[in-house]
Amino acid sequence: MTTWDGRASIDRLTYEHRDIVELCLRPNSVAEVAAHLHLHLGVARVVVADLVALGYLLVRQADHSATKEVHIIERVIRGLTAIR
Amino acid sequence: MDSQPFADGAVATRPPLPVKIVIAGGFGVGKTTAVSQVSEIPVLTTEAPMTEVAADIDRTGHVPAKVTTTVALDFGCITIDEEIKLYLFGTPGQDRFGFMWRDLTEGALGALVIVDSRRLDDCYAAVDYFERADVPFVVAVNLFDGLLTHHLNDVRWALAVDEEIPIITFDARDRGSVLDALLTVLHRSLARVAG
């Protein structure tokens with residue numbers, strides 16, 4: 001997830017730094033960042049960590065607590081059926 | 001310095017709720033094919049040794065603290081709606097990858113065990129694991145060339161899986177067929193949660 005600082009700095013960033021900060025204007029997982037930019041997962045983790053250290057990105061632990069609730073599973077089923 | 005998360009208009013700053021389905025199966029059973037048929041991002045396939053650099057990252061606590069020397073998984077995702085994302089984790093079914101399964105199945109809604117009926121022994125470990133871990137799972141026999149080499153009842157007998165565990169056939173190359181298989185897993189999770 002990009003921070004305000006990260007967004008303000010997009011124009012000054014280059015290459016992967018810029019791509020990642022742009023991608024993370026919406027929350028994204030590190031693995032998704034790697035897949036989108038065709039980076040090796042290990043490389044993506046290092047670059048993301050650099051950007052976190054610079055204050056341009058925030059890393060948040062996803063909340064798994066609600067995933068096994070009936071209405072969540074039903075929503076996933078509806079979502080998959082819709083694209084079926 | 002403003003390190004608050006940037007909020008893009010209506011987009012919530014909360015990360016989407018991740019839901020997870022694990023796809024297990026030996027090499028070459030069609031696991032990667034299945035994930036790539038339904039994933040909206042290019043499938044991330046990793047099989048590489050980690051470096052000292054990666055070990056440094058692990059210590060920062062930004063990633064789950066698992067120290068692995070080799071990672072081999074397929075990663076894909078499907079956006080369900082604004083708030084929910086379905087992540088697919090494909091993992092090889094061999095015993096030697098067993099150490100990854102506990103992390104991968106943590107919080108998973110269920111699992112799809114892909115089977116090549118010509119090489120059933122590849123999936124014993126996975127079936128055994130999910131049974132013991134009490135993760136709802138479905139056995140999906142991949143129809144290579146559209147042919148079922150064994151009767152499903154024979155597969156059930158050979159794998160010694162319970163009557164209540166669905167065994168289905170599907171075609172990993174067909175998007176609709178893979179989605180159907182995932183839906184079977186979800187219905188099974190739903191039945192489990194709803195009791």
Side-chain angles (χ1 to χ4, degrees), chain A residues 1-8 10 21 24-50 52-84, chain B residues 1-8 11-21 38-39 41-44 46 48-51 53-54 56-58 60-64 71 75-81 83-87 106-109 175-176 179-180 182-183 186-187 189-190 192-194:
Chain A
M1 176 93 236
T2 297
T3 61
W4 282 98
D5 254 4
R7 180 172 156 77
I10 281 182
V21 170
C24 293
L25 290 176
R26 278 165 168 270
N28 255 316
S29 66
V30 178
E32 282 170 274
V33 168
H36 277 296
L37 302 179
H38 302 287
L39 294 174
H40 188 280
L41 181 60
V43 175
R45 286 160 80 176
V46 172
V47 181
V48 166
D50 287 349
V52 170
L54 288 166
Y56 296 156
L57 290 185
L58 272 182
V59 176
R60 289 189 169 173
Q61 285 296 336
D63 177 18
H64 289 277
S65 56
T67 55
K68 289 200 174 158
E69 286 174 21
V70 171
H71 72 279
I72 299 288
I73 302 178
E74 284 171 347
R75 266 168 78 177
V76 179
I77 290 176
R78 277 199 299 276
L80 283 190
T81 310
I83 58 168
R84 166 75 177 81
Chain B
M1 211 143 142
D2 192 350
S3 57
Q4 291 303 302
F6 160 76
D8 185 9
V11 179
T13 56
R14 229 158 22 109
L17 181 70
V19 293
K20 182 159 79 166
I21 292 181
V38 293
S39 176
I41 59 169
V43 171
L44 184 71
T46 56
M50 294 247 190
T51 62
V53 187
D56 266 342
I57 305 283
D58 278 340
T60 64
H62 293 134
V63 290
V71 178
F75 171 84
C77 83
I78 303 172
T79 303
I80 299 296
D81 55 34
E83 287 163 16
I84 303 181
K85 248 184 192 178
L86 173 63
Y87 291 107
E106 169 113 33
L109 286 183
R175 185 170 172 275
L179 286 173
D180 282 343
L182 294 176
L183 282 165
L186 288 166
H187 281 294
S189 329
L190 189 61
R192 175 73 67 90
V193 173

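This structure is a prediction, so every number in the text was calculated from the model and none was measured.
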Shortest non-hydrogen contact from [X] toward [Y]:
X: I83(A); Y: R175(B); value: O-NH1, 3.1 Å
X: P42(B); Y: H38(A); value: CG-CE1, 4.0 Å
X: K85(B); Y: P27(A); value: NZ-O, 4.2 Å
X: A31(A); Y: L44(B); value: O-CD2, 3.7 Å
X: A35(A); Y: I41(B); value: CB-CD1, 3.6 Å
X: L183(B); Y: I77(A); value: CD2-O, 3.7 Å

Under 4.5 Å from a heavy atom of chain A, the part of L186(B) involved
both
Check whether L190(B) gets within reach of chain A through its side chain, its backbone, both or neither, counting any heavy atom under 4.5 Å.
both
Side chain / backbone / both / neither for R7(A) at chain B, heavy atoms under 4.5 Å
side chain
Between CD1 on residue I84(B) and CD1 on residue I72(A), distance to nearest 0.5 Å
4.0 Å
To the nearest 0.5 Å, what is the distance between CD1 (I73(A)) and NE2 (H187(B))?
11.0 Å
Using a 4.5 angstrom heavy-atom cutoff, name the option from V38(B), I80(B), V43(B), L182(B) with the most pairs to chain A.
I80(B)
